[in-house]
Novice: 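Got a structure for you, questions after.
By convention in this document, chain letters (A, B, ...) are assigned in the order of the sequence lines, proteins followed by strands, and residues within each chain are numbered from 1.
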Amino acid sequence: MEVRDLHPWPGTTEEATAIQDRLRPLLDLDSPGPAAPRTVAGLDVSYAGDGGDAEARLAAAAVVLDAATLEVVEESVAVGTAAFPYVPGLFAFRELPALVEALRALKTAPDVLVCDGYGVAHPRRFGLACHLGVLTDLPSFGIAKTPFVGTYERPGEERGSTSPLRDGGEVVGRVLRTRTGVKPVFVSAGHRISLDAACRLTLALTPEYRLPETTRRADRLSRDALAAAPRGT
DNA sequence: GCGACAG
DNA sequence: ATCTTGTCGC
């Protein structure tokens, strides 16, 4: 599938934040999103050794699932190097090159992108899910495992319970319980999809575990790819 | 100024 | 993200 180019690439944190500020106006945060997506792509990245280092070896995976049956439709992996040091708020720049490479290798574009991290629930309202949304122009949202920005109340214990994630006086996401009695996940819209649609899809993708099948499948694929490529393949 | 801080 | 033992529970 087609993905917009990444240049200019930032060399400093100042340049990186400038890029986020320049791309943010391109976001579509009003579209409701696909009513019934046929395919959904899960994205995730695994690291070798200390994943906090700059230039750490990594593998990015994109796994496309049939939204109805959750069966794998297509897979893609790209082994590479962390393209930026880990800086909260600039996290996307670490994995973007490898993720884009994995996406470009897909034969057909999925209907939605499910990212491992945040969308607009970000200091400058431009997390990884927003960035990938703009680069692909596909509906995209993020599912994070731990809090980042904003405040929230603990949602009910039942699967499906939610509570708004607020930051700076606005709702930037939703804390969603995907499994009864299990720690919730943090969902935020990225591009061309509503928070409601993102949460509905998240529940549809989590029939058994806390994390969606999309990210679980991508996590395993990226991990296996790293193990299978001891050097640079 | 001092912590906190997606993965 | 990754490094790790034991432990509680279905």
Novice: From OH of A:Y152 over to C1' of B:dC5, roughly how many Å is that when rounded to an integer?
Specialist: 13 Å
Novice: For salt bridge (Lys or Arg N to Asp or Glu O under 4.0 Å), just list the numbers for A:D116 and A:K145, CA-CA rounded to whole Å, side-chain angles, deciding distance to a tenth of an Å, and then say yes or no.
Specialist: CA-CA 8 Å; A:D116 195 24; A:K145 299 178 286 298; 3.0 Å; yes
Novice: Looking at A:T180 and A:R159, would you say the former's side chain and the latter's main chain have a donor-acceptor pair under 3.5 Å?
Specialist: yes
Novice: Could you check A:E158 against A:R177 for salt bridge (Lys or Arg N to Asp or Glu O under 4.0 Å), going step by step and ending with a plain yes or no?
Specialist: CA-CA 7 Å; A:E158 293 297 307; A:R177 189 84 67 175; over 6 Å; no
Novice: Please determine, by modelled atom types, if A:S222 and A:S46 share a side-chain donor-acceptor pair under 3.5 angstrom.
Specialist: yes
Novice: Round to the nearest Å and state the distance from A:D167 atom CG to B:dC5 atom P.
Specialist: 14 Å
Novice: Relative to A:Y209, does A:R216 satisfy both conditions: NZ or CZ under 6.0 angstrom from the six-membered ring centre, and within 45 degrees of the ring's axis?
Specialist: yes
Novice: May I ask you to say what A:L226 touches in the nucleic acid, namely base, sugar-phosphate or nothing, with a heavy-atom cut-off under 4.0 Å?
Specialist: nothing
Novice: Tell me the interatomic distance from A:F84, atom CZ, to C:dA1, atom P, rounded to whole angstroms.
Specialist: 20 Å
Novice: Between A:R57 (CZ) and C:dT2 (P), how many Å, whole number?
Specialist: 12 Å
Novice: Within the 4.5 Å heavy-atom criterion, are A:L165 and A:V149 side-chain neighbours or not?
Specialist: no
Novice: Determine: side-chain N/O of A:K145 to OP1/OP2 of B:dG7, distance under 4.0 Å, yes or no.
Specialist: yes
Novice: What residues in residues 118-126 of chain A put a non-hydrogen atom under 4.0 Å from any atom of DNA chain B?
Specialist: A:Y118, A:H122
Novice: Has A:R57 got a side-chain atom pairing as donor or acceptor with A:Y47's backbone, closer than 3.5 angstrom?
Specialist: no
Novice: With a 4.0 Å cut-off on heavy atoms, is A:L128 in touch with a base, just the backbone sugar-phosphate, or nothing at all?
Specialist: base
Novice: Could you give all pairs that pass the side chain to side chain donor-acceptor pair (under 3.5 Å) test and reach residues 128-138 of chain A, with sequence neighbours left out?
Specialist: A:D137-A:H191
Novice: Starting at CZ of A:F141 and ending at C1' of B:dA6, how long is that distance when rounded to a whole Å?
Specialist: 15 Å
Novice: Is any side-chain nitrogen or oxygen of A:T146 closer than 4.0 Å to OP1 or OP2 of B:dC5?
Specialist: no
Novice: Distance check needed: B:dA6 C1' versus A:L211 CG, whole Å only.
Specialist: 13 Å
Novice: If only atom types and distance count, is the side chain of A:R217 paired as donor or acceptor with the main-chain N or O of A:E75 below 3.5 Å?
Specialist: no
Novice: Mind checking A:G89 for me? I need base, sugar-phosphate or nothing, with any heavy atom below 4.0 Å counting as a touch.
Specialist: base
Novice: Atom CZ of A:F148 to atom P of B:dC5: distance rounded to whole Å?
Specialist: 10 Å
Novice: Report the stems of DNA chain C as range-with-range entries sorted by first number; a stem here is at least three consecutive pairs, Watson-Crick or G-U wobble, both distances under 3.5 Å, and write none if there are none.
Specialist: none
Novice: Without decimals, in angstroms, what is the distance between A:K183 NZ and C:dC8 P?
Specialist: 19 Å
Novice: Would you say whether A:Y86 stacks on B:dG7? The test is a distance between ring centres of less than 5.5 Å and an angle between planes of less than 30°.
Specialist: yes
Novice: Taking only the side-chain heavy atoms of A:F91 (C-beta and beyond), determine which of B:dC5, B:dG7, C:dA1 contains the nearest atom.
Specialist: B:dG7
Novice: Any chance CZ of A:R210 has more than 12 other-residue heavy atoms, nucleotides or ligands included, within less than 6.0 Å?
Specialist: yes
